[in-house]
Protein chains: 2
Amino acid sequence: MRVVVPFGAADPKTRLSPVLDADERREFAVAMLRDVLDALGDRDVTVLSDAPLEASVPVDVDLDVDDRPLTDAVNAVLDASDGRVAVVMADLPLATPAAVDRLFEAAGDVVVAPGLGGGTNALVVRHGAFRVDYHGASVRDHREAARAVGATPTEVDSFRLATDVDEPSDLAEVLLHAEGEAAAWLREAGAELAVREGRVGVRYRGDVF
Amino acid sequence: MRVVVPFGAADPKTRLSPVLDADERREFAVAMLRDVLDALGDRDVTVLSDAPLEASVPVDVDLDVDDRPLTDAVNAVLDASDGRVAVVMADLPLATPAAVDRLFEAAGDVVVAPGLGGGTNALVVRHGAFRVDYHGASVRDHREAARAVGATPTEVDSFRLATDVDEPSDLAEVLLHAEGEAAAWLREAGAELAVREGRVGVRYRGDVF
């Protein structure tokens, strides 16, 4: 099964702007992408980037550039497919080979890995008529879209796949649970856990997020 | 294996105060507790409450009251045990029997279910010397505490067990993914999903959280 990893290279991770400047966000986004590619192992992977990618990816990974919005670019892949495609987001640095294996081993015509706050962090599509829509509460919409075309939606219950890194507080999850390039990048940049009342935050350049 | 479910009855879910008043938080906390008890099924469960519990729990569930801080109360249970105890938090309304089964089926002397922001939402303890400390980044500390007594820590990778409901934005996860009493309580109270840029929020009494 082909695996597509959409990647926003044009202006990555804008919601991390309170913490990281544009160059830092670009570097960190590439580190997360490389962690995801690592977790995907030797699957047939294509990075689907919205702009030419200056960073290097492993030689056995294909690279397509499509500057349309995410939903359109992914649906173009589904249109051109035989109905068997996986879509795994590039901002999942907690992903491990074990979590990815559970995703691909899950039964169902459309396997959804929910993301925090209603997102869809990964999909395994085994039905020719299913199409994506990443706007809004996409995890709910994808369940409904699957049923609407007669497909059975199922879910993979994974914290590691649910934790996409979009907001400053997500950086704490990377420091707590990830062991790849993204976590190393954060540590080298000087980020560290900030224990406080409630959930743990991240301290970076004197500020706590 | 005995399962202990700590429950804060005295002043539950204070971090939800921006959304719910004290009576609402009490009702909602009990609804979440009942969802967790449902997911635990016919296991040997004791609710460990920090104050007398006015709400009803299923007749086959034991109730102990211990007004000490969480860490002390749980360690008292571990002290009195044969080294085989599970601790499952009461604010996990996304928990399902399948997620709970994965927790109990996981190998390891100390199985940890991480919570968002460094918490420890569930533990299966199979080692007599392990003790808990719920302060700070407890998931990290529990891994280290397990190793320090010669126990092997392992992890159960579950979004449903990771999602404790502490902060207003967590209510969106309940509406998106839970199907028990907590979700029903929120819906009856008038809470609904608020789709916006980024992660989905909750609209309640005209405000979006």
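Predicted model only: the values in this text are computed from it and were never measured. Residue numbering restarts at 1 for every chain, and letters A, B, ... go by the order of the sequence lines.
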- Shortest non-hydrogen contact between B:Ala137 and A:Leu176, atoms and distance: CB-CD2, 4.1 Å

- Task: Please flag which part of B:Val195 lies under 4.5 Å from any non-hydrogen atom of chain A: side chain, backbone, both or neither.
- Result: side chain

- Message: For B:Asp42, I'd like to know if atom CG has over 12 heavy atoms of other residues, nucleotides or ligands within 6.0 Å.
- Response: no

- Item | CD (A:Glu192) with more than 12 external heavy atoms under 6.0 Å | yes

- Could you tell me which portion of B:Arg196 (side chain, backbone, both or neither) has an atom closer than 4.5 angstrom to a non-hydrogen atom of chain A? neither

- Checking heavy atoms, do the side chain of B:Glu197, its backbone, both or neither come under 4.5 Å from chain A? neither

- Quick one: pull up CG in A:Leu94 and CG in B:Asp157 and give me the separation to the nearest 0.5 Å. 8.5 Å

- Give a yes or no on this: more than 12 heavy atoms of other residues, nucleotides or ligands lie within 6.0 Å of atom CD of A:Glu144. yes

- Report yes if some heavy atom in the side chain of A:Arg140 is under 4.5 Å from a heavy atom in the side chain of B:His177; otherwise report no. no

- Task: Please flag which part of A:Leu193 lies under 4.5 Å from any non-hydrogen atom of chain B: side chain, backbone, both or neither.
- Result: side chain

- At a heavy-atom separation under 4.5 Å, does B:Ala172 approach chain A through its side chain, its backbone, both, or neither? neither

- Task: Below 4.5 Å from any heavy atom of chain A, which atoms of B:Asp164 appear? Answer side chain, backbone, both or neither.
- Result: both

- Item | Closest-packed option against chain A by number of heavy-atom pairs under 4.5 Å, given B:Leu175, B:Leu161, B:Asp170, B:Thr163 | B:Asp170

- Task: Among the options A:Ala113, A:Pro114, A:Ala99, pick out the one with the most heavy-atom pairs lying under 4.5 Å from chain B.
- Result: A:Pro114

- Given a strict heavy-atom distance threshold of 4.5 Å, which part of B:Arg15 is in contact with chain A: side chain, backbone, both, or neither? side chain

- Greatest number of heavy atom pairs closer than 4.5 Å to chain B - which of A:Gly198, A:Ala162, A:Ser158, A:Ser138: A:Ser158

- Query: Going by heavy atoms in the side chains, are A:Phe159 and B:Leu116 under 4.5 Å from each other?
  - Reply: yes

